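Written below as structure tokens is the structure these notes are about.
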Amino acid sequence: MLYREAGQFRTSYADDARIFPLALDKYFFVAMLAFAFIVIPNVASQYWLTALLIPWLIFSLVALGQNILTGYAGQLSLGSAGFMAVGAFACYNFMLRIEGMPFLVAIVLSGLSAAGVGILFGLPSLRIRGLYLAVATLASQFFIVWTLDKFGWFKNYDPSGVITAQPIVILGYTFNTAAEKYVVVLGVVSVLALAAKNMVRSNVGRSWMAVRDMDVAAEVIGFRLMYTKLLAFAISSFYCGIAGALFAFAYLGTVEPSAFSIDMSFRILFMIIIGGVASILGSFLGAGFILLLPIFLSLLFHLVFGTSVDQSVLSALELIVFGVLIIVFLIVEPHGLARLWQITKERLRLWPFPH
Amino acid sequence: MFASKAFKRVIAGLVVGSALVAGTSLPREAAAQAKPEQYFGIPSFRVGPFAAAGTGFFGGIIDYLNYVNATGGVNGVQMVFQECETEYVPARGIECYQRLLKRGNQQMHIFEPLSTPIAYGVLNRVDDDRVILTQFGYGRSDAADGRVFPWVFATMTSYWSGASAMINWIASREGGFGNLKGKTITHLYLDNAYGREPLPVFRALSKKFGFTLQEIPVAVPGIEQQSQWLQIRQSKPDWVILWGFGAGMNSTALTSAARINFPRDRMLGIWWAGSEEDVIPAGDAAKGYFAVANVPPGRQYRLIQEIEKTIYGAGRGNLQDPKRIGTIHWNRGVVAGMFWVEAVRNAQNRFGKGQVMTGDQIRWGFENINLTPARMKELGIEGMMPVMRLTCEDHEGAGVIKVIQWDGTRWVTVTPDWVSSDRKMIRTMVEESTARYAAEQKITLRDCAKEK
């Protein structure tokens, strides 16, 4: 009833190629962005901003990078956290070693550094596929963290082996408070998400999907495998690198290399599996599920049971419920949360008169 | 069809949940008005790979707070707390920090995550929030300098002090510093920031005393140690310092040592390689192994016995297994809780008895903790703690350890007195490090003389 497309005609190719072919979708999205940019920074509490929204946006960005590589280009990779580490430490070193380096330039440069490393570790993908490639990318994860850990130069010889992010200054304005940092993160994530959405709808994305679906066939119809695969690695690592820089500068502040552990890489992979493989929206939903659901469960349990139940039991219970929920969602919709949303939209078109 | 049914159930569950929430939250708000309460946040981890440490340590803190309340609180002020599960994951830890920060109109003033990654995650937040970050035997060693890290405490003994004290004890064992010359000491460490932290100290000391330092890293998570022990078998060091973390790495080191017949009483572990949980999995292989402790184990102290009587006697203990009373992790938690309450008590003595203290006031209390023998006698912790005082400049205080040995069933303290570190050398290193940090971060040093 509310959500309908009757009367909306596409009369040109430009109309047909829009991101949001339905007017309602477009208005909804613009309203949501406006809400996120204008209302949230003004009303959300410190807790919401720094503990939930900023990490969620950052992990959505990494999941996006992982989704480009794994979802769209079909290259199973387990190195996302390693590429994040490259971005974080590159950004720190650019800011430290180049006097007057603007933050946004440093962020882009750190993304490019990660992309370079990504290309290097993407080379094996030309020879190996699937699970075997995942094992090969594991090497990047361990190698990057080990390198950053081992050589003091990357950390400016800090005796505790950690880096402390410099303040975020853009055009002379210091982004210090939680709300300001949130706006920076949201801005970067919005731009990159839009770029990703457009990339996957254009010839770049189609070439990735062709390679994913059958690389021999893709080669036969004229896609250059090496270029396509390495491009996917480069862009995916670029996203991870920028997310890593934001992780260090807008979220943690002080980071050690071991923060980017193999655990994190696995969680990022789970995010896109739960959220939806080959889906931009799925990256955001998946990051929310893996990152925020345990927190909400914990809050709920605390409120419901308070201190009446032994904390150890409560903590274990949270984990159990979270695990069960993962299984339930995967059984209900193996294609992820993004698919659930799509089904909901399709049903909404008919609602409330299904026949 | 299935999906919509599932949704209905979820919504029904949420409705029931929120109804319960509304029901339970009201009476607590009302009760909060009655008595003055000092609120603490407890970011515990009771699940995951480090659950043994988490349940012991945070259990100890909670038991101590409950014990203080049972004996009348601090001048009538009750110590209340709220727990939050961090799972030792930084993101969860930061969420807990933000969640615990405010409860109604109460504010958290002390944060002790017992996790280096989480501590780093909140390091940049504590200044603005005026929260004291206490790192009880972990984290940045140079946080001992209160001029550069006004809100961070490396309470009691930092890694650097621990490393220096270890060499001091080995020297006494060898019959003096002169005998260290020509000896080989192996630093077997987890290959991350934690394991590399003491390297500058060991290197400086090896130059000073003329022993050979052999550095052998073990890749994270530390389970695979075959080649490392082969190396040790070839080099035949006089001592192996085990800088390991987690029961997996530590028990593997002990069983590997047993396999090549390296004497266990020539191995000395850092305090994170010296809890019951670290050695029990190694079985007999652990017998004779030395470790250092920043808080010694055992139930012989009066405070421990009183907690056992008042709290566990009444069935209100936090440990699920009361047998763990007196173990390393739990005793450490009790002492950590003791520091919190001492800080609050100091603050009350200065700023108003029977009142709820603010973050700045509690920090003043922390910086004026003075554990004299008389005060320790009152607290019932003689022998459990060294004579020590914290100041505005010195956020570490003691820099001492005790050495304990595993006899196959329990830890036995082998040094009746505290083994001290080279305080002067460590302080110089700390100040060098903080000077660099302050320059990099453009921090102006706090003037402690003005804050007396």
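Each chain gets a letter, A, B and so on, in the order its sequence line appears, and its residues count up from 1. What you see is a predicted model; the values in this text were computed from it and never measured.
Heavy-atom distances place no part of B:Asp128 under 4.5 Å from chain A, backbone and side chain included. Both the backbone and the side chain of B:Pro117 come within less than 4.5 Å of a heavy atom in chain A. In this structure, the portion of A:Ala165 lying under 4.5 Å from any heavy atom of chain B is its backbone and not its side chain. For chain B, the nearby parts of A:Tyr251 are the backbone and the side chain; heavy atoms of each come within less than 4.5 Å. Heavy atoms of A:Pro257 lying under 4.5 Å from chain B are absent altogether. Heavy atoms closer than 4.5 Å to chain B are found nowhere in A:Ala259, neither backbone nor side chain. Contacts between B:Thr55 and chain A at a heavy-atom distance below 4.5 Å involve the side chain alone, from C-beta outward. Heavy-atom distances place the side chain of A:Leu319, and not its backbone, under 4.5 Å from chain B.
Of the residues considered (A:Leu291, A:Leu314, A:Asn156), A:Asn156 shows the highest number of contacts with chain B, using heavy-atom pairs under 4.5 Å. No other option in A:Phe142, A:Trp146, A:Tyr157 has as many heavy-atom pairs under 4.5 Å with chain B as A:Tyr157. Ranked by heavy-atom pairs under 4.5 Å with chain B, the first of A:Ile343, A:Leu52, A:Asp310, A:Ile262 is A:Asp310. Contact count against chain A (heavy-atom pairs under 4.5 Å) is highest for B:Arg125 among B:Arg125, B:Met429, B:Lys442.
Partners of B:Tyr312 according to the side chain to side chain donor-acceptor pair (under 3.5 Å) rule, which considers only residues two or more places apart in sequence or in another chain, are B:Asp63. With sequence neighbours excluded, no residue satisfies ring-ring contact (aromatic ring centres under 6.0 Å, His included) with B:Phe57. For the side chain to side chain contact (heavy atoms under 4.5 Å, CB included) test, residues two or more places apart in sequence or in another chain that qualify with A:Thr164 are A:Thr254, B:Asn124, B:Arg140, B:Tyr437, B:Gln441.
The one candidate from B:Arg99, B:Glu87, B:Glu85 that meets the side chain to side chain donor-acceptor pair (under 3.5 Å) condition with A:Ser298 is B:Arg99.
Using modelled atom types, one finds no donor on one side chain facing an acceptor on the other under 3.5 Å when comparing A:Glu256 with B:Tyr194. Between the side chains of B:Arg46 and A:Ser312, a donor-acceptor pair is found at a separation under 3.5 Å.
Contact annotation: the side chain of B:Thr116 never approaches that of A:Val162 to less than 4.5 Å [non-hydrogen atoms, C-beta and beyond].
Scanning both residues, A:Lys150 and B:Arg196, for their nearest heavy atoms gives N-NH2, 3.9 Å.
Interface residues of residues 91-98 of chain A toward chain B, defined by a heavy-atom distance below 4.5 Å and sorted by number: A:Tyr92, A:Leu96.
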